[in-house]
> 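Here it is, the structure, as structure tokens.
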Amino acid sequence: MSSLITEDEISHETDLVWLEDIGQLDYVRQSLDRLPTRRGKPAYHRDGRMVGYACLGTEAKPSRSSGTFRRRVFWLLPHDRDSEPEGLYAKGAPAEAVDPRTLSARVKGYKTERSEGGPPSSAMQELGITLPL
């Protein structure tokens, strides 16, 4: 879950690769997967689709026991808001979801009003504040 990802676990990221236009997505799910390589598109074994992934620098060390690297993968399930706008996540978002506009290499991202499916609060509207920028 994204809330369990710590900054030190993603400290060796060099860039994020997006397979889709994230400008159209309110949120993406993120997880740390054990993968055999530092770079390149990983195999995907979940329902739904992979939206993006992180690449690691050469300083990233593999696990001594498995030889794998922990890399972030960004994904969506068939019942997520982009596919079913009036479905389960019409309001709110899964625990592992973050607004993709808040993500970058070595930054775990966070939820925003947009990712939670709600309009900006009246206080934010009055102050002219919009998230994300």
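Note that the coordinates shown come from a computational prediction; the quantities given were computed from them, not determined experimentally.
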> Rounded to the nearest 0.5 Å, what's the gap from CG on Leu19 to NZ on Lys41? Could you check?
5.5 Å
> Are side-chain N/O atoms of Tyr27 and Asp80 paired as donor and acceptor at under 3.5 Å?
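Looking only at side-chain atoms, Asp80 and Tyr27 do form a donor-acceptor pair, the distance falling under 3.5 Å.
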> With distance as the sole test, does Arg106 use its side chain to make a donor-acceptor pair with the main-chain N or O of Glu13 at under 3.5 Å?
yes
> Of all heavy-atom pairs between Leu16 and Phe74, which one has the smallest distance, and what is that distance?
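Distance-wise, the nearest heavy atoms are CD2-CE1, 3.9 Å.
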> Quick one: CG on Leu76 to OH on Tyr89, what's the gap to the nearest 0.5 Å?
11.5 Å
> Consider only side-chain heavy atoms of I, L, V, M, F, W and Y, link residues closer than 4.5 Å, and tell whether Leu35 and Met50 are in one cluster.
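Looking at the clustering, Met50 is in the same group as Leu35.
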> Quick check for you: to the nearest 0.5 Å, what is the distance between Asp33 atom CG and Thr68 atom OG1?
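The CG atom of Asp33 sits 10.0 Å away from the OG1 atom of Thr68.
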> On a heavy-atom basis, which atom in Thr102 and which in Gly109 lie closest, and how many Å separate them?
OG1-CA, 3.3 Å
> Going from NZ on Lys111 to CD on Glu96, what distance comes out if it is rounded to the nearest 0.5 angstrom?
7.5 Å
> Shortest non-hydrogen contact from Ser115 to Ala93?
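Minimum heavy-atom contact is O-CB, 3.3 Å.
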> Verify the distance criterion only: is there a donor paired with an acceptor across the side chains of Arg39 and Thr14 at less than 3.5 Å?
yes
> State the CG-CH2 distance between Leu25 and Trp18, to the nearest 0.5 angstrom.
8.5 Å
> In this structure, would Leu103 and Val51 fall into the same cluster of hydrophobic residues linked by side-chain contacts under 4.5 Å?
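Yes.
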> Side-chain heavy atoms under 4.5 angstrom apart, residues restricted to Ile, Leu, Val, Met, Phe, Trp, Tyr: same cluster for Leu88 and Val98?
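Both belong to a single hydrophobic cluster.
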> Tell me whether Glu7 at atom CD has more than 12 heavy atoms from other residues, nucleotides or ligands lying less than 6.0 Å away.
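Yes - once you tally the heavy atoms of other residues, nucleotides and ligands closer than 6.0 Å, there are more than 12.
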> Mind checking whether Pro100 and Glu20 have side chains closer than 4.5 Å, heavy atoms only?
no
> Working to the nearest 0.5 angstrom, can you tell me the gap between Arg72 CZ and Ile5 CD1?
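It comes to 6.0 Å.
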> Verify, without hydrogens or angle tests, whether Arg29 (side chain) and Trp75 (backbone) share a donor-acceptor contact under 3.5 angstrom.
no
> When you check the side-chain N and O atoms of Arg101 and Thr112, is any donor under 3.5 Å from an acceptor?
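No, no side-chain donor-acceptor contact under 3.5 Å.
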> Strictly distance-based, threshold 3.5 Å: is any side-chain N or O of Gln30 a donor or acceptor partner for the main-chain N or O of Lys108?
yes
> For a quick test of reading the model, state the closest non-hydrogen atom pair linking Thr37 to Arg71 and the distance between them.
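Minimum heavy-atom contact is O-NH1, 2.9 Å.
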> Strictly distance-based, threshold 3.5 Å: is any side-chain N or O of Arg81 a donor or acceptor partner for the main-chain N or O of Gly87?
no
> Is Arg38 reaching over with its side chain to a backbone N or O of Ala60, donor-acceptor style, under 3.5 angstrom?
yes
> Under a 3.5 Å cutoff, is there a donor and acceptor pairing between the side chains of Ser63 and Arg70?
no
> Specify the closest pair of heavy atoms between Cys55 and Gly40, including all atoms of both residues, with the distance to one decimal.
SG-N, 4.2 Å
